[in-house]
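Heads up, the thing below is written out as structure tokens.
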Amino acid sequence: MMFDLPHPDTLYAALLSRDSAYEGRAYVGVTSTGIFCRLTCPARKPKRENCRFYPSVAACLDAGFRPCKRCHPMTPEAEGDPSVTRLLAALQADPARRWREEDLAAMGLDPSTVRRAFKRQFGCTFLDMARRFRMRAGLETLARGAPVIEAQLDAGFESPSAFRAAFARLTGLTPGAFAARGLLQADWIDTVLGPMIAVADDNHVHLLEFAERKALPTELKRLHAMTRGQIGFGRPGPTEMAAEQLTSFFAGTCPTFSVPLAYHGSAFAGAVWDALQSIPAGETRSYSEVAAGIGRPDAVRAVARANGANQIAILIPCHRVIGADGSLTGYGGGLWRKQKLIEVERQYRTERAQTA
């Protein structure tokens, strides 16, 4: 599905406010400079009469504009900020490092600017993200059956109470709440968009979320209560299948998933999640179209709530639902991830068009 752009005045207002709602869906070409930008570009704002708006990078290039060197519109937004890419590389190189704001200043970076950039792109600060990277080492240690004190040290925490508090913030549970061999088992899946936490039993995936999603602790608590504490660490077959199929999806070799899924929601929510899985990769739908598709055209808001309540990211592709005007709207994993997922899936739409 393709959307017409909103009125230019609406987009110009978004440009002035650096509104990210149209990220990846609308770009501005500036006739006085010959450059095209994201609407979130930090550069000085052009006059209204010098602005031309386009729905894609290709349309900007076809119109003769060249990409801005400040906002890098031809790359995902998070990759267009040099401080973000620099710090992400540092995290990958040394995930156990204990970062402080003084370290950012020593790198010549302004901590407040970094804080805003990471909050805008990832929904958390850089220091929060660094703590999550360290926490992963602790989770992996617990998964091996090691004592909590060893996990605490591997995660780089000097204080047991600090480790338990950080663990609880990430998962919603304390380290001791995880069973040695639970009915459900949790593990990490690495993806090109960042680490995800998967929870599965021997037959189905019950949860798949990006590690920094705010709703993750609540979702894990709910599963913990449902199983009466029977959540442990491990990698059952459905988790391994999900990891393999996600790798193929991002590599551009397979647009579909066959991982068996367990729903945790009402019958209405299940109908919405089924409908989301029927949207072909590379296409999008509005909330009203999804509502009409399940025979409930009057339930647009309920569809939006069910979409937001989805706790199996990507496999149930809630990222394929966007605003009626083409804006990305909300996404629990961050709008930059929604943009990237839509970009990844464009190749599948192109392939279908070529073989049609």
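Atoms considered below: every heavy atom in the structure, side chains included; atoms not considered: hydrogens, waters and symmetry mates.
Closest of all the heavy-atom pairs between A198 and L208 is CB-CD1, 3.8 Å. Nearest heavy-atom pair, R70 versus C41, reported as atom, atom and distance to 0.1 Å: CB-SG, 4.4 Å. Of all heavy-atom pairs spanning Y12 and P46, the tightest one is OH-O, 2.8 Å. In plain terms, the two heavy atoms of C254 and Y348 that are nearest each other are O-OH, 3.2 Å. The minimum heavy-atom distance linking R213 with G332 is given by the pair NH1-CA, 2.7 Å. For the residue pair N310 and I316, the shortest heavy atom distance occurs at ND2-O, 3.0 Å.
Transitive grouping of hydrophobic side chains (ILVMFWY, heavy atoms separated by less than 4.5 Å) brings L193 and V321 into a common cluster. With hydrophobic clusters built from ILVMFWY side chains whose heavy atoms lie under 4.5 angstrom apart, I149 does not share a cluster with L173. Criterion: ILVMFWY side-chain heavy atoms under 4.5 Å apart, direct or through other members. Under it, L183 and L207 are not part of a common hydrophobic cluster.
Judged by distance alone, the side chain of S17 and the main-chain N or O of A13 form a donor-acceptor pair under 3.5 Å. The backbone N or O of N50 sits less than 3.5 Å from a side-chain atom of T31, completing a donor-acceptor pair. Side chain of D202 to backbone of G237: no donor-acceptor contact under 3.5 angstrom is found. With hydrogens and angles ignored, the 3.5 Å screen pairs a side-chain donor or acceptor of R38 with a backbone N or O of C71. Judged by distance alone, the side chain of K47 and the main-chain N or O of S32 form no donor-acceptor pair under 3.5 Å. In this structure, the side chain of R235 engages the main chain of W188 through a donor-acceptor pair within 3.5 Å. Listed for the E289 side chain is a donor-acceptor partner under 3.5 Å among the backbone atoms of S286.
Annotation: the span from L88 atom CG to F118 atom CZ amounts to 4.5 Å, rounded to 0.5 Å. Put simply, OG on S161 and CD on Q152 are 8.5 Å apart, with the number rounded to the nearest 0.5 Å. Note: L91 CG to R86 CZ = 13.0 Å, rounded to the nearest 0.5 Å. Within the model, atoms CD1 of I197 and CG of L216 stand 5.0 Å from one another, a figure rounded to the nearest 0.5 Å. Note: I314 CD1 to E209 CD = 10.0 Å, rounded to the nearest 0.5 Å. With rounding to the nearest 0.5 angstrom, the CD1 atom of I322 is 14.0 Å from the OH atom of Y331.
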_For a side chain to side chain contact (heavy atoms under 4.5 Å, CB included) check, start with the C-alpha distance between I312 and L315, then their side-chain angles and the critical distance, and finish with the verdict._
CA-CA 6 Å; I312 304 178; L315 306 187; 3.8 Å; yes
_Full working for side chain to side chain contact (heavy atoms under 4.5 Å, CB included) between Q185 and T239_ = CA-CA 9 Å; Q185 298 178 63; T239 299; over 6 Å; no
*Take Q230 and H224 through the test side-chain hydrogen bond (donor to acceptor under 3.5 Å, both in side chains) and record every step on the way to the result.*
CA-CA 6 Å; Q230 290 299 303; H224 186 264; over 6 Å; no
*Does the side chain to side chain contact (heavy atoms under 4.5 Å, CB included) test come out yes or no for C51 and L15, once each step is laid out?*
CA-CA 10 Å; C51 294; L15 174 66; 4.1 Å; yes
*Apply side chain to side chain contact (heavy atoms under 4.5 Å, CB included) to V205 and V199, showing your working.*
CA-CA 6 Å; V205 167; V199 178; over 6 Å; no
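A salt bridge between K221 and E219 is absent, with no side-chain N of the basic residue lying under 4.0 Å from a carboxylate O of the acidic one. Note on R98 versus D103: no salt bridge recorded, every NZ/NE/NH1/NH2 to OD/OE distance being 4.0 Å or above.
Here the side chains of E101 and R115 are in contact, with some heavy-atom distance below 4.5 Å. Side chains of P238 and N203 form no contact here, defined as non-hydrogen atoms less than 4.5 Å apart. Counting heavy atoms from C-beta on, the side chains of Y27 and P55 never come closer than 4.5 Å. Using a 4.5 Å cut-off on side-chain heavy atoms (C-beta onward), P255 and E345 make no contact. Residues P73 and C37 are not in side-chain contact: their nearest non-hydrogen atoms beyond the backbone lie 4.5 Å or more apart. No side-chain heavy atom of E150 sits under 4.5 Å from any side-chain heavy atom of L153. Side-chain contact between R52 and F36: absent, with no pair of heavy atoms (C-beta onward) separated by less than 4.5 Å. Between W99 and L87, some side-chain heavy-atom pair lies under the 4.5 Å cut-off.
Here H206 pairs with D201, H264 under the side chain to side chain donor-acceptor pair (under 3.5 Å) rule; sequence neighbours left out.
In this structure, a donor-acceptor pair under 3.5 Å is present between the side chains of S112 and D110. Between the side chains of Q245 and S258, at least one donor N or O sits under 3.5 Å from an acceptor N or O.
When each of V28, D19, L39 is tested with L11 by the rule side chain to side chain contact (heavy atoms under 4.5 Å, CB included), just one qualifies, namely L39.
Aromatic pair Y54/F65: ring centres closer than 6.0 Å.
By the 30° and 60° cut-offs, the orientation of the rings of F249 relative to F257 is tilted.
Remark: R337 qualifies as a cation-pi partner of F210 under the 6.0 Å distance and 45° angle criteria applied to the six-membered ring.
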Under 3.5 Å, which donor-acceptor pairs link side chains of residues 270-280 to any protein atom two or more places apart or in another chain?
{"from": "W273", "atom 1": "NE1", "to": "A306", "atom 2": "O", "distance (Å)": "2.9"}
{"from": "D274", "atom 1": "OD1", "to": "Y263", "atom 2": "OH", "distance (Å)": "2.6"}
{"from": "Q277", "atom 1": "NE2", "to": "Y263", "atom 2": "OH", "distance (Å)": "2.7"}
{"from": "Q277", "atom 1": "NE2", "to": "W273", "atom 2": "O", "distance (Å)": "3.2"}
{"from": "S278", "atom 1": "OG", "to": "A275", "atom 2": "O", "distance (Å)": "2.6"}

